[in-house]
Amino acid sequence: MNDKDNSRIHNQDKLIQEKYEYYAETEEPPGEAKGIRLEKIRNLRARGIEIYGSRYEKNINISDIREKYCNLTQGEPAGQDYRVAGRVMIFRKHGKATFCDLKDSTGKIQLYVSLKNIGDKPYEEFSGLDIGDWIGVEGGVFVTRTGELSINVNSFELLSKAIRVLPEKWHGLKDKELRYRQRYLDFTVNPDVMEVFRTRIKAINALREFLNGRGFLEVETPMLQPIPGGAAARPFITHHNALDLELYLRIAPELYLKRLIIGGFEKVYELNRSFRNEGISHKHNPEFTMVEFYQAFCDYRDMMDLTEELIKFIASKTAGTMELSYRGKKICLDGRWKRYTMLGAIEKFGNIKIDFETGMEDLLGISGNLGIQVNRDSGKGKIINEIFESVVEPLLIQPTFIMDYPIEISPLAKKHPENENLTERFELFIGGEEIANAFSELIDPAEQLKRFRFQVKSSDEEERITGKIDTDFLKAMEYGMPPTGGEGIGIDRLVMILTDSNSIRDVILFPLLRPEE
RNA sequence: GGGCCGUUAGCUCAGUAGGUAGAGCACCGGACUUUUAAUCCGGGUGUCGAAGGUUCGAUCCCUUCACGGCUCACCA
């Protein structure tokens, strides 16, 4: 051993010494297992073994091995060596031979490591590995006596050492809080979780593929907005120092996308993260993903057709089928989806015949009987919507469009030509959940101003704090906005349905949690 | 924000009519060259979420708090 090696080991020793102190002093007291592993690291380093390695030239994925050798039989040599890399998940030690499972991003495969094959010293080193360590191995593929496709390891390399212990192999990590807080562990030990997010990624790719294929342009508009608009929600407030400016995280990209339509873009979309400073539930995360798309010269009926095609396309690219299972219920996306007006749906599903001619006292009586808390100052439209949500919404398991929403809850939608109390707006429901919201956009700036004013007037104290009217948007509209169909789809909710997830947190990689302590 | 439930070993969970705890996996020591949650022998590694209170004595009973889950409300 030369001086250079000596000083390297000395430096490593010093480093691990510091590390040991770091864990001892700044973290929770190291449990025995971690203490033992730290001790182990010290020993490995004293022997000149680097425990945090660098690159490893792997030449195949585990899933590719499985695919390539699915027909390999016992005793038949595969005849070629491969280099794979991954994380050690479990050991089955048998004295002078060891089986273990190696996991990479594509799958798991069994390793067979025998003293006879790799030699005394490497075998001893391999025996010192822990569950959770990352290693690279080189060896040939074969099938064991029990029929398990395996790699007969000729040599291995430690790529990175785990000094914390992975959760249990059999039950995995169940504690939801730990799963969300330490998502990396969730992925490591609960393989289904990665599938959920692979589906999410596929759905988003399919969405882009579909919209790009239809000539929509993907754009990016401000997330920091001086006036948050496009939805009714409380925003997050932030501040720009240099401009000394109060800014808000967007609650929707709507008003900026419409500016683009005014500017001459004909079809645009934004796959956006929006932020709403409101309650957290199994359906709500403070930041969430949606797509908004706008198409000039269209109305809400065109958007309905487009939506139906879009969702079917996404389902075919993710689930690969039109039959979904969600919360124990079968959902069938095939065929033409049902379309009802809101008032028609209330009559059909609730056997309640109401409209805007119905007297206020009657409406209050009906909502009262349904146990709905209604503010007496609310307009008829709001009460009708409450009745709809209570009576109809939970029943809309199969994909269903509900059309013609009351004007007072639809400030950005065009007035219905046949009923001034309604708008050309629809929502799509699947599995009892609202998935999409769309309308023929209101393009008359004078009417828009009137609606904004009504919103501000009828909003409560809290909403009024940020209930400023976006006059810059109105100005844009005054230059002339073409008739446009616009829509928003909640991506998280859609993915929940595609993956049969009960909570939005199960489809968001890092859902917001209160920090520990 | 309201209601209900939970928090015990690294993980999954038992438990104590109040006498400071236990099982599987993981871990440590030993045996074992084709296992599949390998097996066999030996070893509990813990501030029982936190702080008060009651008590001779609290992980257990009471109060408050923290965090989480489910649910209702608001919203998408």
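Here is the naming used below: chain letters follow the sequence lines, and residue numbers restart at 1 for every chain.
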(request) Round to a whole Å and report the spacing from CG of Leu428(A) to P of rA76(B). (result)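 So the CG-P distance, Leu428(A) to rA76(B), works out to 16 Å.
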(request) Write down the distance between OH (Tyr180(A)) and C1' (rG69(B)), rounded to a whole number of angstrom. (result) 9 Å
Identify the nucleotide, in any strand shown, that forms a Watson-Crick or G-U wobble pair with [N], with both distances under 3.5 Å; if there is none, say none.
N: rC74(B); value: none
N: rA26(B); value: rU45(B)
N: rG18(B); value: none
N: rG52(B); value: rC62(B)

Taking atom types as they are modelled, would you say the side chain of [X] forms a donor-acceptor pair with the base of [N] within the 3.5 Å cutoff?
X: Arg145(A); N: rU34(B); answer: no
X: Gln110(A); N: rU35(B); answer: yes
X: Thr144(A); N: rU35(B); answer: yes

Can you figure out which of [options] approaches the side chain of [X] most closely?
X: His171(A); options: rG24(B), rA76(B), rU34(B); value: rG24(B)
X: Tyr112(A); options: rU34(B), rA37(B), rC70(B); value: rU34(B)
X: Val165(A); options: rG69(B), rA26(B), rC13(B); value: rA26(B)
X: Leu178(A); options: rC11(B), rU35(B), rA76(B); value: rC11(B)

(request) Could you check whether Gly172(A) gets within reach of a base, just the sugar-phosphate, or nothing at all, counting any heavy atom under 4.0 Å? (result)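 The answer is sugar-phosphate, as Gly172(A) gets under 4.0 Å only of primed atoms, P, OP1 or OP2.
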(request) Kindly determine whether Glu408(A) and Lys382(A) satisfy salt bridge (Lys or Arg N to Asp or Glu O under 4.0 Å), including the steps that lead there. (result) CA-CA 7 Å; Glu408(A) 66 189 272; Lys382(A) 194 152 186 174; over 6 Å; no
(message) Would Phe349(A) and Phe429(A) count as a ring-ring contact (aromatic ring centres under 6.0 Å, His included) here? Give the steps.
(response) CA-CA 14 Å; Phe349(A) 292 93; Phe429(A) 294 86; over 10 Å; no
(request) Return the 5'-most residue of the pair His282(A), Pro286(A) with respect to RNA chain B, ranking by each residue's nearest nucleotide. (result)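 Between the two, 5'-proximity favours His282(A).
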(message) So that I can tick it off, tell me whether Glu434(A) and Arg493(A) are bridged by a salt bridge, with the cut-off set at under 4.0 angstrom between side-chain N and carboxylate O.
(response)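 No, Arg493(A) and Glu434(A) are not salt-bridged.
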(message) Check Glu308(A) with Lys312(A), please: is the shortest side-chain N to carboxylate O separation under 4.0 Å?
(response)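 Looking at Lys312(A) and Glu308(A), the cut-off is met.
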(message) Would you say the base of rA76(B) stacks on Phe288(A) (centre-to-centre below 5.5 Å, plane angle below 30°)?
(response) yes
